[in-house]
Number of protein chains: 2
Amino acid sequence: MRELGYVYNRGAASLRTRRTTTVGVVVTDIANPFFGELLVGLESALAEAGFRSLVVASSDNPVRQDELVNELREYQVAGLAIMPATGSSRSFLEGLEASRMPHVFVTKYLEGMPAPYVGPDDRLGGRLAAQHLLAHGCQTYAFVGGFSGHLSRRDRIEGVRSALREAGLEPDRFTEIESASNGAGGLEAGKRLLQARQLPEAIICQSDGVAFGVYRALREAGRASEVRVIGYDDVRTAALWEPPLTSVATHPERLGRAVAELLLEEIATPSGGVTEKIFAPELMVRESCGCHGVPSSL
Amino acid sequence: MRELGYVYNRGAASLRTRRTTTVGVVVTDIANPFFGELLVGLESALAEAGFRSLVVASSDNPVRQDELVNELREYQVAGLAIMPATGSSRSFLEGLEASRMPHVFVTKYLEGMPAPYVGPDDRLGGRLAAQHLLAHGCQTYAFVGGFSGHLSRRDRIEGVRSALREAGLEPDRFTEIESASNGAGGLEAGKRLLQARQLPEAIICQSDGVAFGVYRALREAGRASEVRVIGYDDVRTAALWEPPLTSVATHPERLGRAVAELLLEEIATPSGGVTEKIFAPELMVRESCGCHGVPSSL
DNA sequence: CTGAAAGCGCTTACAG
DNA sequence: CTGAAAGCGCTTACAG
């Protein structure tokens, strides 16, 4: 027909119908492989419903996050998936609610503020890691990575603590080390750990990246074999690591799909409800925890 | 003022001005850490100019890529940054040109078809890796990862070959192994390598992910110390790897910024030209190549 | 059932 | 210099 250059203008259509098929996604860091995998699931589920995503990065800065959300609103996005920046204020959520913009929080929620949410059960994740290490007979523990403001970190630590308590371990057998949740943070935290009089027998990390960094620090000191390490997220490289990294799998791609589904529902029939989809993580036992001869697989 | 709920409608403005501040980005795989880092640079340079990006994934499928580009056009994007899917046809580029849509190809170009392009000098990357390994005295070489359709792979191999030739090595000292350009592909290729009568002395990989997979295969066979390995891209985990991975750094974030700059230029003043920005890669010498005692740093 | 008109929310060119 | 009107490209409700 007029396929000599005609292209349908969705913008015009959106203006008329007052609906768009674009969804805004605010992540803290696109380069984080965990988010990368999550976005894969999110985008493909969105695409199946004929939606696109506009993804922006807040650099974990609440002020920037505010600007980005406002800008996304100007784009008339149909909804918002947000991994809230650390320190997001109560008024941030209130603003979202007041605007009646469908939204779902991802992997991080706002303290004491009910909102639609998709994420892993971090308390359980922490417990799973600790219980396995307990079974290995470890007596001293460290949790490495993340900062005290991070809710996911707090929950994981709570899970670890509860498992240790149940096993009758004294609280002073457990230390927390803060650091950025990536390789660089882990490396630096590992160095700090090495300066202490004694290495913990077990280290549970906030992410696999942190575990990678911790290992590098340990290796340089020639002490990698003295500790058992468990990572978090089960990113693709975890299974290839030496030793193959035992990790708490959160299945980011599945989380991403769930986010899309919940958001799409919220867009189709705004409930104003606060549905939560919490997924149970799974401990991928490999060798860094001290287990041996586990067959390799991805 | 009327900040009681008013939000500016960019869609309406775009309709009127016939200009948008949205740019389409087509990648083959969002989860690939190389692309993740590239997107960081791309998005931040775009943001500085007041632009946003709509990123979509083609899964390296040319048909899907076509659909996505058409859809992006319907969104009236101001321009397109494309990492073309393997096997993208000549008519794909012709269609782009006919539509007068500003575009730039990223990290992969179309065989014999001049177009605006940003990417690393892959021939040089291959040479750099081979020359270093040659200096280590290696006599047999393998290039692992990617498929024969990939131009970047072909160029890197050409670079490797030219260096080996100059060093007087016979062509039969060099083999090519195809595999997916990620960890899973490297693992599988590594296993194939182990089945051959003899391991090459040096392995150059299409990506760091491939190198990680190769190492896992080698380790399981207890033969990791027999070969020297060099990765490609210098992804963040490369420096943390055991042994710290020597890698050809392509500085993806810098590439991303360059893409944004070129595209923004093309949007501001459509030249119809075919500017190319080729960046020289840099060999990050660490220990997997056989060097020792290189101080750790990210 | 078909076709012309109105209107979504902006910007820009034009009249007063 | 200010204010009202036209129009971007669609869709939808309405008149014929």
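By convention in this document, chain letters (A, B, ...) are assigned in the order of the sequence lines, proteins followed by strands, and residues within each chain are numbered from 1.
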Q: List the steps and the verdict of side chain to side chain donor-acceptor pair (under 3.5 Å) for A:Q206 and A:R156.
A: CA-CA 8 Å; A:Q206 170 74 1; A:R156 293 169 193 187; 3.3 Å; yes
(Q) Between A:E282 and A:T250, is there a side-chain donor-acceptor contact under 3.5 Å, judged purely by atom types and distance? (A) no
Q: Evaluate side chain to side chain donor-acceptor pair (under 3.5 Å) for A:T22 paired with A:T20, printing each intermediate quantity in order.
A: CA-CA 5 Å; A:T22 314; A:T20 63; 4.6 Å; no
Q. Quick one: what's the B/S/- string for nucleotides 7-15 of chain C, heavy-atom cutoff under 4.0 Å, read 5' to 3'?
A. BBBBBB---
**Q.** DNA chain C-proximal residues of residues 66-77 of chain A, any heavy atom under 4.0 Å
**A.** none
Q: For B:L42 and B:A260, work out which heavy atoms get closest and say how close.
A: CD1-N, 3.7 Å
Q. Any side-chain donor-acceptor pair under 3.5 Å between B:S99 and B:R73?
A. yes
Q. Under the side chain to side chain donor-acceptor pair (under 3.5 Å) test, which residues partner B:S271, sequence neighbours left out?
A. B:E266
Q: Can you sort out the partners of B:Y75 under ring pair (Phe, Tyr, Trp, His ring centres under 6.0 Å), two or more places apart, ordered by chain and number?
A: none
Q) Does the salt bridge (charged side-chain N to carboxylate O under 4.0 Å, His left out) test come out yes or no for A:D60 and A:K108, once each step is laid out? A) CA-CA 12 Å; A:D60 208 24; A:K108 289 156 106 189; 3.5 Å; yes
Q: Could you tell me whether A:F105 and A:Y117 have their ring centroids closer than 6.0 angstrom?
A: no
Q | Per-nucleotide pairing state of DNA chain D [Watson-Crick or G-U, under 3.5 Å; [ ] pseudoknot-crossing; | other strand] | A | |||.||||||||.|||
Q | Set of residues satisfying salt bridge (Lys or Arg N to Asp or Glu O under 4.0 Å) with respect to B:E48, sequence neighbours excluded | A | B:R257
